[in-house]
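See structure below.
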Amino acid sequence: MASRSTRKTPAVTRQRKDSANRDETVAEVSTLVTDGLLKSDKLRELIHQTVTNAIETKLESLIDRLDTQKARLFELEQQLEHKEQEIRYLAGQVQGACGNLAEQKIVLNDLEQYSRRTNIRISEIAETPEEKTDETVRKLLDEKLGITIAEEAIDRSHRVGKPGQDGRGHGAILVKFASTRTKVAVMKARRQLKGTSVVIRKDLTAENMKLLNGTRRHEKVKSCWTIDGRIIAMVTDTNGIERKVNIRRHRDIDHL
């Protein structure tokens, strides 16, 4: 069998040459047009203006957004300042209320102490079954202090508190005298109980008792006592000078 010839025909060869020539022509034309356009001042001006306008438009958009954010930030700062003013005002109100409350507590404590101005407490008196505390008190005053009082000199009396946990000791007797004069006489004579287990004290409020105990424990306090429920401390300063200080609140102790 005879083989086919692989030899190209003249027509095919011409077609390929024509195609190559066209491609070369297009490339040359494209180069000429591009070079011509780039050399054109108007085109460069147009390109420059177009790019500039695009950049300016973008910048304007960014500036508008920035201005909006600045306005929002200013609004938030104003709101924050307003809230801070409210907080300062409320803090002042709270501080004032706390100060008023503290002063009211002092006033109430003073009133309660005043209501006890004729009271005393007698500790370590043996308790007997079905005792009558008025008679027990009158007997103690007569036998130990040499003070004789009438039945009506005692407004009322009763046991308070509980005996010690070990079963020893006795609840104190709270006595309310009919007059301050009787109370003062008893307090002056109570030193005669020295050497016995019986103790006579003023009837202080719970708050004043805390203040008295706190004052006694302070290192600068040489001695302390009460006058009509008011606590007086004898304080020794660092220079050795002694002075009297009225104690009405716990911060008075801290400032000794």
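Counting begins at 1 with the first residue of the sequence.
In terms of heavy atoms, Lys176 sits closest to Ser115 at NZ-O, 3.3 Å. Residues Ala233 and Thr215 share a closest heavy-atom pair of CB-CG2, 3.6 Å.
Remark: side-chain polar atoms of Asn239 are paired, donor with acceptor, to backbone N or O of Ile241 under 3.5 angstrom. The backbone N or O of Gln113 sits nowhere less than 3.5 Å from a side-chain atom of Thr205 that would complete a donor-acceptor pair.
Heavy atoms of other residues, nucleotides or ligands lying less than 6.0 angstrom from CG of Asp142 number more than 12. Heavy atoms from other residues, nucleotides or ligands lying under 6.0 Å from CZ of Arg65 number 12 at most. At most 12 heavy atoms of other shown residues, nucleotides or ligands fall within 6.0 angstrom of atom CZ in Arg181. Counting heavy atoms of neighbouring residues, nucleotides and ligands inside a 6.0 Å radius, atom CZ of Arg190 exceeds 12 of them. Crowding of Arg243 atom CZ: a count of heavy atoms from other residues, nucleotides or ligands under 6.0 Å exceeding 12.
Separation of atoms CD (Glu56) and CD (Gln49) is listed at 7.5 Å; rounding is to 0.5 Å. For the atom pair CZ (Arg121) and OG (Ser157), the distance works out to 13.0 Å, reported to the nearest 0.5 Å. Rounding to the nearest 0.5 angstrom, the gap separating the CD atom in Glu60 from the CD1 atom in Ile55 is 12.5 Å.
Screening residues 149-159 for salt bridge (Lys or Arg N to Asp or Glu O under 4.0 Å), with sequence neighbours left out, gives Glu131-Arg159, Arg138-Glu151.
Partners of Glu242 by side chain to side chain donor-acceptor pair (under 3.5 Å), not counting sequence neighbours, listed by chain and number: Lys222. Residues meeting the salt bridge (charged side-chain N to carboxylate O under 4.0 Å, His left out) test with Arg116, sequence neighbours left out: Glu112, Asp203. Considering only residues two or more places apart in sequence or on other chains, Asn213 meets the side chain to side chain donor-acceptor pair (under 3.5 Å) condition with none of them. In this structure, the side chain to side chain donor-acceptor pair (under 3.5 Å) partners of Arg248, at least two apart in sequence or on a different chain, are Asp110. A search for side chain to side chain contact (heavy atoms under 4.5 Å, CB included) contacts involving Leu76 returns Arg72, Gln79, not counting sequence neighbours. Scored by the side chain to side chain donor-acceptor pair (under 3.5 Å) test, Lys183 finds no partners at all (sequence neighbours excluded).
At a cut-off of 3.5 Å, with distance as the only test, a side-chain donor of His82 or Glu86 sits close to an acceptor on the other residue.
Through side-chain heavy atoms spaced under 4.5 Å, either directly or across other Ile, Leu, Val, Met, Phe, Trp or Tyr residues, Ile154 is tied to Ile120, Ile122, Ile125, Val137, Leu140, Leu141, Leu145, Ile147, Ile149, Ile173, Val175, Phe177, Val186, Met187, Leu193, Val198, Ile200. Apart from Trp225 itself, the hydrophobic cluster it occupies contains Ile227, Ile232, Met234, where clustering links Ile, Leu, Val, Met, Phe, Trp and Tyr at side-chain heavy-atom distances under 4.5 Å. Side-chain contacts under 4.5 Å among hydrophobic residues (ILVMFWY), followed directly or transitively, place Leu66 with no other residue at all. Other residues sharing the hydrophobic cluster of Ile247, ordered by chain and number and joined by side-chain separations under 4.5 Å: Leu204, Met209, Leu211, Leu212, Val221, Ile231, Val235, Val245, Ile253, Leu256.
Checked options Asp228, Thr226, Asn119, Asn208; the residue passing with Lys202 is Thr226 (criterion: side-chain contact (heavy atoms from CB on, under 4.5 Å)).
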Without placing hydrogens or testing angles, list every side-chain donor-acceptor pair under 3.5 Å for residues 91-108, not counting sequence neighbours.
| unit_1 | atom_1 | unit_2 | atom_2 | d |
| --- | --- | --- | --- | --- |
| Asn100 | ND2 | Gly96 | O | 3.2 |
| Glu103 | OE2 | Arg249 | NH2 | 3.2 |

